[in-house]
Amino acid sequence: MEEYNTLDDFELENKTVLLRVDFNMPLDKETFEILDTTRIKRVLPTIEELMKKKAKTVILAHQGRQGSWDFINLDQHARALESLLGIAVEFVDDIFSEKAQNAIKNMQPGEIIMLDNVRKFDGETEKKTPEEHAQSELVQNLYPLADYFVNDAFAAAHRKQCSLVGFTVVLPSAAGRLMEKEIETLSKIIANPEKPSVFLFGGAKFSDVVVTIERLLENKTADKIILTGLPANAFLKAEGIELGDKTEEILSKEGTPENYEEIKQLLQKYKGSIYLPSDFAQKSNTERSEIDVAQLPTQYSLFDIGEKSIENFKDILSEAKTVFLSGPCGVFEETAFMKGTQEIFTHVANSGVFSIVGGGHTVAAVEKLGLENKISHISTGGGSLEKFMMGEKLPVVEALKASKIKFS
Ligand code: 3PG
Ligand code: MG
């Protein structure tokens, strides 16, 4: 028995279901077009099941944050869903006022509508408990029209926001199929990863990674950590290596003296378990050229790990039974600097090891390389996945558990 309900627990025919999904998409900065529909595709099993079981499905979702450039309405999200599903999805440009309420009241079994960006409601992101969120206008206006709340927004499961946790207090609630699959698969890995387990971090941010690594090693979820991308640069800097002005400039946008102090202590404590690159590929003009760590600093930007590091990391990964990939190894968008990411990711995908990939850029890299069918689990989560892997409780999951107890 799960600690939370799933779609198996509800009689859905002719019932109105509020379905919270994470359709927070990467958009083109100029055209605002959706660049990747992975998160929509992964929720299709839930939506198709609700349709087949003749529920009336009311979708709630967010895009961007108030004040950010990608904070837009969800019209084109509805169009994208519609074309993937092959049936009409009405977009209602309202969240909980009369227009939205009437649209819900007029629905037929098997129909789907999509309400507007829930983050247009100021109360969505207010710091409140689920019980307090349940008193909001959003929840109070919508819940009387619905029979069930289903949450399939795994990628937002680390947020305590109104539409994510408020309905669970007033409606019988369930995890959607994607949420179920993510939690089941990831729980197994945390509780009992096949050993040795190797976690690779890369990408263009590093400050959050430090505490994640510490927790993973402490909990023995990870046996070895491989660092590439900006995290590798930051760790080398913390070791006292001068990288050169270009890299220092990028690092200075994020790094504080405290960050480097934390990294130093982490390295002292777990020196033998953390693997750093021994060489890089730098961008001299537009060319790729290799440089050893011992030859640093350089006037050029470090855009990828070097060939010796690639071979070394492949050897370490060959011995693993569980591999977690979080972040590309370099600037994989540029062909000349795709090599590290391409060789490492392809090696993992082809080795048959149990592999998990998460985070928007990592998933994009896997897809660009055509490896998506060879990875054991591709998570839709970024922040939520990281929190989960660290062993932290996710507010959305806790809310679903509390709801099961309350409505049983
Ligand atoms: C995400 O994409 O990280 C989730 O949708 C949560 O969005 P947020 O980071 O803006 O809260
Ligand atoms: Mg985020």
Side-chain angles (χ1 to χ4, degrees), residues 18-29 32-43 46 59-74 76-78 80-81 95 114-128 130 133 136 138 150-167 175-176 178-179 181-183 186 201 203-209 211-212 254 326-328 356-367 378-390 392-400:
L18 298 175
L19 171 66
R20 178 61 160 99
V21 297
D22 191 327
F23 284 178
N24 193 24
M25 300 299 182
L27 305 177
D28 184 294
K29 243 188 155 142
F32 295 94
E33 248 173 276
I34 295 175
L35 291 176
D36 172 56
T37 54
T38 303
R39 283 184 174 177
I40 297 183
K41 288 185 194 140
R42 298 290 296 278
V43 180
T46 300
I59 299 180
L60 292 160
H62 73 276
Q63 170 68 52
R65 299 176 182 184
Q66 281 196 26
S68 71
W69 69 269
D70 62 345
F71 181 63
I72 59 170
N73 80 27
L74 301 183
Q76 56 160 344
H77 299 63
L81 173 61
I95 311 170
M114 184 139 157
L115 303 180
D116 202 2
N117 191 344
V118 289
R119 285 190 180 170
K120 288 188 181 177
F121 168 54
D122 289 337
E124 173 68 4
T125 50
E126 277 171 16
K127 289 205 163 53
K128 286 183 175 172
H133 276 311
S136 67
L138 169 65
V150 174
N151 198 327
D152 220 11
F154 176 76
H158 58 314
R159 302 283 181 227
K160 300 187 196 108
Q161 296 171 357
C162 182
S163 67
L164 289 159
V165 299
F167 292 104
L178 172 63
M179 181 79 76
K181 178 160 187 267
E182 293 262 23
I183 293 169
L186 298 169
F201 291 93
K205 287 187 222 155
F206 74 91
S207 50
D208 291 344
V209 167
V211 32
T212 307
E254 212 189 326
S326 177
I356 311 134
V357 167
H361 288 92
T362 325
V363 175
V366 164
E367 297 207 336
I378 297 184
S379 176
T380 51
S384 63
L385 175 68
E386 208 157 274
K387 293 260 157 54
F388 197 86
M389 298 308 274
M390 283 164 72
E392 280 185 19
K393 292 197 157 142
L394 300 178
V396 160
V397 179
E398 296 311 303
L400 288 171

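Heavy atoms only: backbone and side chains are in, while hydrogens, waters and symmetry mates are out. All ligand and atom numbering here is 1-based and tracks the order in the structure.
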**Prompt:** Should Ala155 be listed as contacting ligand 1, given a heavy-atom distance under 4.0 Å as the test?
**Reply:**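 Heavy atoms of Ala155 do come under 4.0 Å of ligand 1.
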**Message:** Tell me the contacting part of Arg39 for ligand 1: side chain, backbone, both, or neither, using a 4.0 Å heavy-atom threshold, strictly below.
**Reply:**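 The answer is the side chain.
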**Message:** Under 4.0 Å, heavy-atom basis, I'd like to know which part of Met25 is in contact with ligand 1: side chain, backbone, both or neither.
**Reply:**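 Answer for Met25: neither.
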**Asp122 and Gln66: side chain donor to acceptor below 3.5 Å** =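 Yes, Gln66 and Asp122 have a side-chain donor paired with an acceptor closer than 3.5 Å.
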**Prompt:** Hey, are His62 and Glu124 close enough side-chain-wise for a donor-acceptor pair under 3.5 Å?
**Reply:**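 No, because no side-chain N or O of Glu124 sits under 3.5 Å from a partner of the opposite role on His62.
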**Message:** Closer than 3.5 angstrom, by distance alone: can the side chain of Gln76 be matched with the main-chain N or O of Phe32 as a donor-acceptor pair?
**Reply:**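 Pair found, side chain donor or acceptor close to backbone of Phe32.
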**Item:** Heavy-atom donor-acceptor pair, Asp152 side chain to Leu178 backbone, under 3.5 Å
**Value:**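 Yes, the answer is positive, given that a donor and an acceptor are paired below the 3.5 Å cut-off.
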**Item:** Enumerated ligand 1 atoms positioned under 4.0 Å from heavy atoms of Arg159
**Value:**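 Selected atoms, number and element: 8 (P), 9 (O), 11 (O).
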**Message:** Show the atoms of ligand 1 that are less than 4.0 angstrom away from any heavy atom in Asp22.
**Reply:**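 Contacts of ligand 1 toward Asp22, numbered from 1: 4 (C), 5 (O).
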**Request:** Using the side chain to side chain contact (heavy atoms under 4.5 Å, CB included) rule, take Gln63 and Phe71 through it: C-alpha gap first, then chi angles, then the decisive distance, then the call.
**Result:** CA-CA 6 Å; Gln63 170 68 52; Phe71 181 63; over 6 Å; no
**Asked** Can you find an N or O of His62 that's nearer than 3.5 Å to an N or O of ligand 1?
**Response**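 His62 vs ligand 1: N/O contact under 3.5 Å present.
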